[in-house]
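Quick notes on the structure that follows.
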Amino acid sequence: MAGKKSLSHLRRYFPLTKKCIYLNNASEGPLPLSAKRVMEKFLYDSSYTENEHDPESFRIVEEVREKCARLIKAKSSEIALTTNTSYGLNLVCRGLGLKSGDEILLPEVEFPANVYPWLNLRSEGIRVKFIKTENGFFDISRFHDAITPETRVFSVSFVQFLNGYKNDLKALGEICKQKDIFFVVDGIQGVGNQVLDVKESEVDLLSCGGHKWLLSPPGTGFVYLSSEAKRSLGTPFSGWLSVDWCQGKKKPDFTNLLRYDLKPFETARRFEFGSYPFLDIRGFDACLDMLLSAGIKNIEKHNRRLLKLLIDHINSSSRYELKSSLEEKHLSSIINFTGPGIGRLHSKLRQKGIVTSLREAGIRVSPHFYNNLTEIKKLIEVLES
Ligand SMILES: Cc1ncc(COP(=O)(O)O)c(C=O)c1O
């Protein structure tokens, strides 16, 4: 169906597809049955068996780091598991040792998760500057113009949450490198549906929650910190699991917990502080397996094909107007359109079993690899009825 590899066989893992047409991944992804199964088994074992699954749980944590790394072409030593996007963004805010007079640049259309942690630094004399956009599309020349000698950090979404505008991370990363600006990316709306090579894009830190495009339980996520950028980031927080209980071995050894002489991990794992949500991480693991076996490139092509049908329809319609960019390199798995009586249309779609989001006077449509063209055609039928 899409690209070289058909993804239709994965639809059976999503029972929700029998109940409705779910086109709302940008809000929350449905949990696949494969993840539900491993989570149920863990719950069963937690109630009925002795609590001896720790070594297995730690092994899964290692694997999940490695799988997150594969999603963005990083190394597993550059990944720390977190609980949401905000965790990684707060980490970088606090870890960079910013001083009074330093400047942070943000596009004016960031999701609040990538705004409030920075605003929280203003009480320390750090300035937050918002860069204007054209209709919500971030323009590189405006970024260029906004940079001053005080600019220390630029933080931006991989994919904008309202209109799906995919930022050109490679071009932005190049500028940040030239100007010695720490480059932070909020990855949640793009990772899992768009190909990304964090090395090629010179990203210093990327933070991503698992509950949207990674289809994982809420409370999962990861942060990537490039080995090169590690030097710039201190350890603003630390905990008993930030230090190296492995001592050169594969498994941690917790038999002498009263030793306080252990060093933080050399890897990004130093940003994991305490006990893990092992249940959620098991679900996360199963979802990552599904995404990686489907292939992000295939997913990107598939989702693009679905949205192209809708875009073509909206472009030929006199009733609706696209709020998303049509430039190929800025397309993602999210589009937004508007028209008269948009609130009523959103409710009508819901009544007909089609789930989308009403965002800023537009309808946001965000399909994933388990959706198909028939579903998009049904959406178009309702738009025309
Ligand atoms: C771009 C973006 N960043 C972050 C978030 C959420 O942040 P967190 O994972 O910390 O809840 C969302 C949506 O909920 C989002 O659209």
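As the structure lists them, so they are numbered: ligands from 1, and atoms in each ligand from 1.
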* Asked: What is the minimum heavy-atom distance between Cys287 and Ser216, and which atoms define it?
  -> CB-OG, 3.4 Å
* May I ask you to decide whether Glu62 forms a salt bridge with Arg269, counting only side-chain N to carboxylate O separations under 4.0 Å? => yes
* Take Gln160 and Thr133 through the side-chain contact (heavy atoms from CB on, under 4.5 Å) test and state the conclusion after the steps. => CA-CA 12 Å; Gln160 207 276 343; Thr133 58; over 6 Å; no
* To do: With sequence neighbours left out, write down each residue that passes salt bridge (Lys or Arg N to Asp or Glu O under 4.0 Å) with Arg94, or none if nothing qualifies.
  => Glu124
Please give the N or O to N or O pairs under 3.5 Å between ligand 1 and the protein, distances rounded to 0.1 Å.
| residue | atom | partner | partner atom | Å |
| --- | --- | --- | --- | --- |
| ligand 1 | 3 (N) | Asp186 | OD1 | 3.4 |
| ligand 1 | 3 (N) | Asp186 | OD2 | 2.6 |
| ligand 1 | 9 (O) | Thr85 | N | 3.0 |
| ligand 1 | 9 (O) | Thr85 | OG1 | 2.7 |
| ligand 1 | 10 (O) | Thr85 | N | 3.3 |
| ligand 1 | 10 (O) | Ser86 | N | 2.8 |
| ligand 1 | 10 (O) | Ser86 | OG | 2.5 |
| ligand 1 | 14 (O) | Lys212 | NZ | 2.9 |
| ligand 1 | 16 (O) | Gln189 | NE2 | 2.9 |

* Pairs involving residues 376-385, ordered by first then second residue, that meet side chain to side chain donor-acceptor pair (under 3.5 Å) (sequence neighbours left out) -> His313-Glu384, Lys348-Ser385
* Structure fact -> Members sharing Tyr260's hydrophobic cluster, built from side-chain contacts under 4.5 Å between Ile, Leu, Val, Met, Phe, Trp and Tyr, are Leu258
